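Please read the structure below before turning to the comments.
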Amino acid sequence: MPKIAIVDKMHQDGINLLKNNTKFECEIIEDLSKKNLISKLPAFDGITLRRGKIDAEILAKCKKLKVISRHGVGFDNVDVKFLKKNNIKLLVTATTTSVSPAEHIMFMILNISKGIDFFDKAVRNGEFGSVMHTQHNTFELSYKKILIIGFGRIGRKLIKRCLGFEMKVYAYDPYVEKKVIESFGGIKVEDLNDGLKEADIISLSVPLTEETHNMITLDKMKMMKKSAIIINTSRGGIINEKDLDEALNKKIIHGAGLDVFEKEPPDNNNPLLKNKRVVLSPHAATFTQECLSKMSIETAQNIIDFFDENLNQSMIVKL
Ligand SMILES: NC(=O)c1ccc[n+]([C@@H]2O[C@H](COP(=O)([O-])OP(=O)(O)OC[C@H]3O[C@@H](n4cnc5c(N)ncnc54)[C@H](O)[C@@H]3O)[C@@H](O)[C@H]2O)c1
């Protein structure tokens, strides 16, 4: 009977799906320290993985391991080179992890463009009247230009929401054909710098890779409009945090929204935590009741289907 490790708790709906399946033996592993993972994981044939880092040293001990089913679509917390070399399959929640992140990006764009935090505080502080006669940096989204960097599952959900707000949508993704972007109502940008110069809003939905690490540095931010805002809900390290703090403080760009950080949780002395020009959330783009339930079910179902030899091939990451 295959043994499945549920590494890091997920929504109960997915746990129940695995626990109620008599073909598997399951154990939830909540201690995500390397010491615990290296001692526990060698006993398992399959792993579902939410948080927790599974490096080559851990994997080398897992002689029975055939599959890792990621709770999510990013997989920078797994040593993929090792998986590829040893033919261990990597599965992702390809169908359930894009609506909530796309809505989260819209929430960050709206939060900044409408000055929500400022207005909320003003009303609570009894400044309702005075706020009416001040000049604000708030702006309409209608006819603004957004550059979506990474036109995958999330990018394609985001474009629909942006078009609903009458925005003009540009997309930069060297791996997606022009005609695909146009079929969604977008305009393909061939050169990232051209897109950065034009856009009022920039949103990142790319994986963290050697190519995307530090994709947005101070030099790139200097190309952007002074009124530009940038949103990163993909992975920390794609925007350089030190550079972002400087760009916001020197008013090189207007604002930012971050759901992800170079180090999670961020250190208390991370200057961005004190920067009023950035809106923050705790890697929470999928934290809706619907998304967490659906992701947990898909994570569990993927691993069940894998062992039943019934898996939809689109769930397997091509390594
Ligand atoms: N904050 C969260 O909770 C959360 C939730 C879901 C996904 N994510 C992150 O968002 C990322 C995107 O998710 P997705 O489901 O849209 O992934 P996806 O794989 O469907 O799309 C990613 C797109 O990025 C493109 N891309 C790759 N390298 C690029 C580059 N150098 N420049 C421009 N485009 C490039 C790819 O061609 C692809 O179209 C994930 O990799 C994950 O890290 C974060």
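Order of listing sets the numbers, starting from 1, for every ligand and every atom in it. Note that this is a predicted model, so its numbers are computed, not measured.
Between V99 and R161, the shortest heavy-atom distance links the atoms CG1-NH2, 3.8 Å. For the pair I201 and L141, the tightest heavy-atom approach, listed with the atom from each and the gap, is CD1-CD2, 3.9 Å. Taking each heavy atom of I6 and C26 in turn, the nearest pair found is CD1-CB, 4.3 Å.
When I238, V92, D173, V180 are checked for heavy-atom proximity to atom 25 (C) of ligand 1, D173 turns out nearest. The closest non-hydrogen atom to atom 1 (N) of ligand 1, taken over T233, I105, I148, comes from T233. Comparing heavy-atom distances from atom 27 (C) of ligand 1 across A94, G150, P207, G72 singles out P207 as nearest.
In terms of polar-atom proximity, T97 is not counted as a contact of ligand 1, lacking any N or O under 3.5 Å from an N or O of the ligand. In terms of N/O distances under 3.5 Å, ligand 1 is not approached by D76. Any N or O atom pair closer than 3.5 Å counts here, and R153 shares at least one such pair with ligand 1. Considering backbone and side-chain atoms alike, I154 places an N or O below 3.5 Å from some N or O of ligand 1.
Between the side chains of N240 and T217, no donor-acceptor pair is found at a separation under 3.5 Å. In this model, no donor atom of one side chain and acceptor atom of the other lie less than 3.5 Å apart for N232 and D259. Under the 3.5 Å distance criterion, with hydrogens and angles disregarded, no donor-acceptor pair is assigned to the side chains of T48 and T299. Between N87 and K66, the side chains place no donor N or O within less than 3.5 Å of an acceptor N or O (distance only, hydrogens not considered). Residues T95 and E298 bring a donor and an acceptor atom of their side chains to less than 3.5 Å of each other.
Listed by number with element, the atoms of ligand 1 under 4.0 angstrom from any heavy atom of P174 are 32 (N), 33 (C), 34 (N). Under a 4.0 Å criterion applied to the non-hydrogen atoms of A285, ligand 1 contributes the atoms 1 (N), 2 (C), 3 (O). Set against the non-hydrogen atoms of S205, the atoms of ligand 1 under 4.0 Å away are 12 (C), 22 (C), 23 (C), 24 (O). Within ligand 1, counting atoms from 1 as listed, the ones closer than 4.0 Å to a heavy atom of H283 are 1 (N), 2 (C), 3 (O).
The closest approach between a heavy atom of R156 and any atom of ligand 1 is not below 4.0 Å.
At a 4.0 Å heavy-atom cut-off, ligand 1 touches P101 through the side chain alone. Proximity of Y172 to ligand 1, defined as any heavy-atom pair under 4.0 Å, is shared by backbone and side chain alike. Of all the heavy atoms of D259, the ones lying under 4.0 Å from any atom of ligand 1 belong exclusively to the side chain. Residue-level proximity to ligand 1 for M215 is carried by the side chain, the only part with a heavy atom below 4.0 angstrom.
Atom 29 (C) of ligand 1 has Y175 CE1, 3.8 Å as its closest protein atom, hydrogens excluded (heavy atom only). Looking at atom 30 (C) of ligand 1, its nearest protein heavy atom turns out to be E211 OE1, 3.7 Å. With hydrogens left out, the protein atom closest to atom 42 (C) of ligand 1 is R235 NH1, 3.8 Å, a heavy atom.
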Full working for salt bridge (charged side-chain N to carboxylate O under 4.0 Å, His left out) between E246 and K242: CA-CA 6 Å; E246 184 176 341; K242 200 174 134 283; 5.2 Å; no

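Using a 4.5 Å cut-off on side-chain heavy atoms (C-beta onward), K34 and D55 make contact.
The environment of M1 atom CE is dense: over 12 non-hydrogen atoms of other residues, nucleotides or ligands sit within 6.0 angstrom.
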